[in-house]
4 protein chains.
Amino acid sequence: MGAAKRKRVPRAVREQQMMDAAVRTFARCGYRAASMDEIAERAGVSKPLVYLYLHSKEDLFGAVVRRESAALVAAVTAAVEPGAAADRQLWSGLAGFFAHTAAHPDGWAVLHQQARAQGEPFVVEVAAMRAEIVRFVTGLIGAAAKEAGCAGELADREAAGLAHALVGAAESLAEWVNAPTAEGTSSAVGAAPDRPTAEEAAGTLMNFAWTGLDRRMRGARWAPA
Amino acid sequence: MGAAKRKRVPRAVREQQMMDAAVRTFARCGYRAASMDEIAERAGVSKPLVYLYLHSKEDLFGAVVRRESAALVAAVTAAVEPGAAADRQLWSGLAGFFAHTAAHPDGWAVLHQQARAQGEPFVVEVAAMRAEIVRFVTGLIGAAAKEAGCAGELADREAAGLAHALVGAAESLAEWVNAPTAEGTSSAVGAAPDRPTAEEAAGTLMNFAWTGLDRRMRGARWAPA
Amino acid sequence: MGAAKRKRVPRAVREQQMMDAAVRTFARCGYRAASMDEIAERAGVSKPLVYLYLHSKEDLFGAVVRRESAALVAAVTAAVEPGAAADRQLWSGLAGFFAHTAAHPDGWAVLHQQARAQGEPFVVEVAAMRAEIVRFVTGLIGAAAKEAGCAGELADREAAGLAHALVGAAESLAEWVNAPTAEGTSSAVGAAPDRPTAEEAAGTLMNFAWTGLDRRMRGARWAPA
Amino acid sequence: MGAAKRKRVPRAVREQQMMDAAVRTFARCGYRAASMDEIAERAGVSKPLVYLYLHSKEDLFGAVVRRESAALVAAVTAAVEPGAAADRQLWSGLAGFFAHTAAHPDGWAVLHQQARAQGEPFVVEVAAMRAEIVRFVTGLIGAAAKEAGCAGELADREAAGLAHALVGAAESLAEWVNAPTAEGTSSAVGAAPDRPTAEEAAGTLMNFAWTGLDRRMRGARWAPA
DNA sequence: CATGAATGAGTGTTCATTCAT
DNA sequence: GATGAATGAACACTCATTCAT
């Protein structure tokens, strides 16, 4: 009696609620500044329950990082059309990336800003996820080169470098595009009219990157002199 | 005996020593996890002296961010040849950027990872510095468009977007190139034994970006269909 | 084993224990010199618990001041016989005051010496309590004047001044009476071996003050010439 | 050169300047909260000089207490007319007391609020000074009793109690009278019109106390029944 | 004589974490 | 299963105090 009796909720659901609260809190305060008290309160449970289910702050953060990493990779993977041409695949993957980060800014902040700022265990985890994406992009670039009929022209190492650059460009663009206004909900009914959609952002980047890649794959080169 | 008892050192010098220690500590532990005790010890002074000169942890971090920001901007600025062609300027600026981040990884980590993960005062400060660089790159892209004789073709807003993408690509490449070991998990290509020089990294990026920009400025466009 | 490990005690009780410890510590060391460590130890709990319940040193001191103020006012109020004559009421109130300060010397020290030596928030609080008592005494003086049939003779402002003087006299007497040892330096009379009871002290003060008030109310005046 | 060369000043003068600064600082912040840095700065000298002359914070506070004690006693002593009648002497002494405390509120605050709130060494010192004044008043009361021709009627112990009460009443009245407006300068050109002068305050107190004493000395008594 | 440089020791405060109920 | 009660360990910050110059 009294303050709205807590409903009995299965463990899996409670864990998700806790992680939801943790994502928000970690994104807004940073890993260290976020307190377990605040997370528990935001999740609407008592602190010992958080420890019972998720064992420690470090474990909780790790779980959050893994969940958000998986969600991002899943979103990008689901966005690409498997059989399409390499450029089309790249474009749709980028669109998926922009859409997901726009829809889940807190998750993206945890991955991109918080996890990378903490020590060993987390940087590695998020780096692995990023490496997976880079590898995927590297593959697309290689495939495109093959499609263009000039396989040997582009060394594996250079392709990897280009993929890294492209992924970095996408991240930077995502931050720029999502920055000014605050946490939009997913449905996006009231989005500002001048904020580009995910597809537009992907188009802008392709416009810049793909043409460069395309010419590079055909043997063009820039030299300082 | 032992650790040179209480050497008298002028204030300006001590402040630099403290900030050096702070850069290392903040880069390795993050802002919150770094303790003033550790910073003081690494600087070879007592904690009260740090407070006497730099007033608070927040002030110290701010001073560090400003010093490293200024150093990075100075390095990039010093690297470009003022009268040269736009592409040449871009290349040399990129080379300066890669060289500086490779030479000062801790400073770069503080700017790129730590300061952006903390709240209001610092994100703004480092964002301002980044904006300055983006503006410079935007200017170069505009100049290049003019040199190429196709001024009206490229909207200001698109040029800014391209600049953002390019800076992001450079940051990403810098992290890849300067990484202690490769982040590959499975088989992968792995890190090359010979880390590329700053000029090489700048070349790789120009090779990818400039050719794309060049074609884009001449009206080429990529479209999803 | 040893000091009763972690006994579970309800919050309300623990808070009183903490405040008891705080009263002793603040009275003996002063507000600033008292350390939260010492208070916690004397209360038999750990420091974080003190902070969990009482939030800060300032809050703790404020809570102590309020509790002791209320206790003193309650003791004085409870001592007076509501229907009695004004002089009788005054006498019994004084007796209550002397009895309470003698029984709770630490509480009295916190109110009279420590709280008044600290800044804004506390001086005001204790001044308000004192003003309440002064107001009560002022009322009694006025009532006595009416009883004596000479209402207009005594201006309100003079009555307030007399009340202030009387309260000050009582405070001073209380300190003298409750002093651990006499403060005489040279020969002096020294402390009497038998400390007067509260009723005796009240009598002494009435003997001095009431006769003066009585004559003053009948129009007597002292003039320097 | 540069910032107004400090004039060479004899030690005795410098010490007085330091103690002036200390009185202000101790009165406003309290003993513990006052920092030697602030005192030195307010005195316009460097901190080591304060230590050279006054050895420690405790010594400095002690010196201040002694100086202000002596000044108060001297002011009261100088105010009484040696040969006059006892009541006249008491009145003029009270007037001296009110005048001095009004003119030196910081000194009075240090004696009455700060010194009494600190531990052993200072409470004793200020208590001794107070005892001296109480003894003087006790003597006056005895003399008055003798003048009134009823020596045996008033026991020494009761006279001492009355003196304590009278001194307490004076202190309380002084605080009431000096409280509302802030630190007036000594000359008192712009004093509020409704703040009583020292002579008026002394008159009020005599009006109340002396008539009571007078009757008491003639054998009158108040009794609870 | 006077001071900038320097520190040991301590303060209030917070947090992740556990147990008894 | 869920929670109020409780703590060990650490951290940012301050201050009285002393040398070397």
Side-chain angles (χ1 to χ4, degrees), chain A residues 5-6 8-11 14 32-40 45-61, chain B residues 5-11 13-15 32-40 44-60, chain C residues 5-15 32-40 44-60, chain D residues 5-11 14 32-40 44-60:
Chain A
K5 221 184 271 187
R6 229 86 75 208
R8 283 304 186 89
V9 169
R11 169 163 182 160
R14 269 276 139 87
R32 294 284 305 219
S35 89
M36 295 296 272
D37 276 285
E38 191 178 343
I39 292 173
V45 299
S46 76
K47 211 173 12 163
L49 197 58
V50 178
Y51 278 90
L52 184 62
Y53 285 175
L54 290 147
H55 317 319
S56 78
K57 194 184 190 184
E58 205 168 337
D59 282 9
L60 170 55
F61 191 66
Chain B
K5 271 190 179 180
R6 284 222 245 173
K7 259 191 69 182
R8 289 301 194 90
V9 168
R11 173 167 180 159
V13 175
R14 269 279 135 90
E15 282 185 350
R32 294 283 308 224
S35 92
M36 294 296 271
D37 275 291
E38 189 178 345
I39 292 174
V45 297
S46 73
K47 207 177 9 167
L49 200 59
V50 179
Y51 278 90
L52 186 62
Y53 287 172
L54 289 147
H55 313 112
S56 78
K57 195 182 189 183
E58 204 168 337
D59 279 13
L60 170 54
Chain C
K5 268 190 178 180
R6 285 220 243 175
K7 258 192 65 181
R8 287 301 194 91
V9 169
R11 173 167 179 160
V13 175
R14 269 279 134 88
E15 281 185 350
R32 293 286 307 224
S35 91
M36 294 296 270
D37 274 293
E38 190 179 343
I39 292 174
V45 298
S46 73
K47 210 172 14 164
L49 199 58
V50 179
Y51 277 89
L52 186 62
Y53 286 172
L54 290 147
H55 313 113
S56 78
K57 194 184 190 182
E58 205 168 336
D59 280 11
L60 171 56
Chain D
K5 221 185 271 187
R6 230 85 75 208
K7 269 191 61 182
R8 282 307 185 88
V9 168
R11 170 163 180 163
R14 270 277 139 88
R32 293 282 307 220
S35 89
M36 296 295 273
D37 276 284
E38 191 178 344
I39 292 173
V45 299
S46 76
K47 212 175 8 170
L49 197 59
V50 178
Y51 278 89
L52 185 63
Y53 285 175
L54 289 148
H55 314 100
S56 79
K57 195 186 189 182
E58 205 169 337
D59 282 10
L60 170 55

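Throughout, a chain's letter reflects where its sequence line sits, starting with A, and its residues are numbered from 1.
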Selection from [options] that lies nearest to any side-chain heavy atom of [X]:
{"X": "C:P48", "options": "E:dT14, F:dA6, E:dG8", "result": "E:dT14"}
{"X": "A:K57", "options": "E:dA6, F:dT7, E:dA16", "result": "E:dA16"}
{"X": "B:L52", "options": "E:dG12, E:dA6, F:dC19", "result": "E:dA6"}
{"X": "A:Y51", "options": "F:dC19, E:dT17, F:dC13", "result": "E:dT17"}
{"X": "D:R14", "options": "E:dA6, E:dA2, E:dT17", "result": "E:dA2"}

| said: Using heavy-atom distances to pick each residue's nearest nucleotide on DNA chain F, tell me which of D:S56 and C:V9 is more 5'. | reply: C:V9
| field | Position toward the 5' end of DNA chain F (nearest nucleotide), B:E58 or C:S46 | value | C:S46
| message | side-chain contact (heavy atoms from CB on, under 4.5 Å) for A:M36 and A:L60? Distances and angles first, verdict last. | response | CA-CA 10 Å; A:M36 295 296 272; A:L60 170 55; 4.2 Å; yes
| request: With heavy atoms under 4.0 Å as the rule, sort C:A34 into base, sugar-phosphate or nothing. | output: sugar-phosphate
| query | Is there a donor-acceptor pair under 3.5 Å between the side chain of D:K47 and the backbone N or O of D:I39? | reply | no
| task | Keeping the roles fixed (side chain from A:K57, backbone from A:A34), state whether a donor-acceptor pair exists under 3.5 Å. | result | yes
| query | Between the base of F:dT17 and the side chain of D:K47, is there any donor-acceptor pair under 3.5 Å? | reply | yes
Is [X] near enough to [N] that one of its side-chain N or O atoms lies under 4.0 angstrom from OP1 or OP2?
{"X": "B:R32", "N": "E:dC15", "result": "no"}
{"X": "B:R11", "N": "E:dA5", "result": "no"}
{"X": "A:Y53", "N": "F:dG1", "result": "no"}

| task | Could you state the atom-to-atom distance from CD of C:E15 to C1' of F:dA6 in whole Å? | result | 14 Å
| message | As a check on the pairing definition, encode DNA chain E in dot-bracket form, counting Watson-Crick and G-U wobble pairs whose two distances are under 3.5 Å, and using | for partners outside this strand. | response | .||||||||||||||||||||
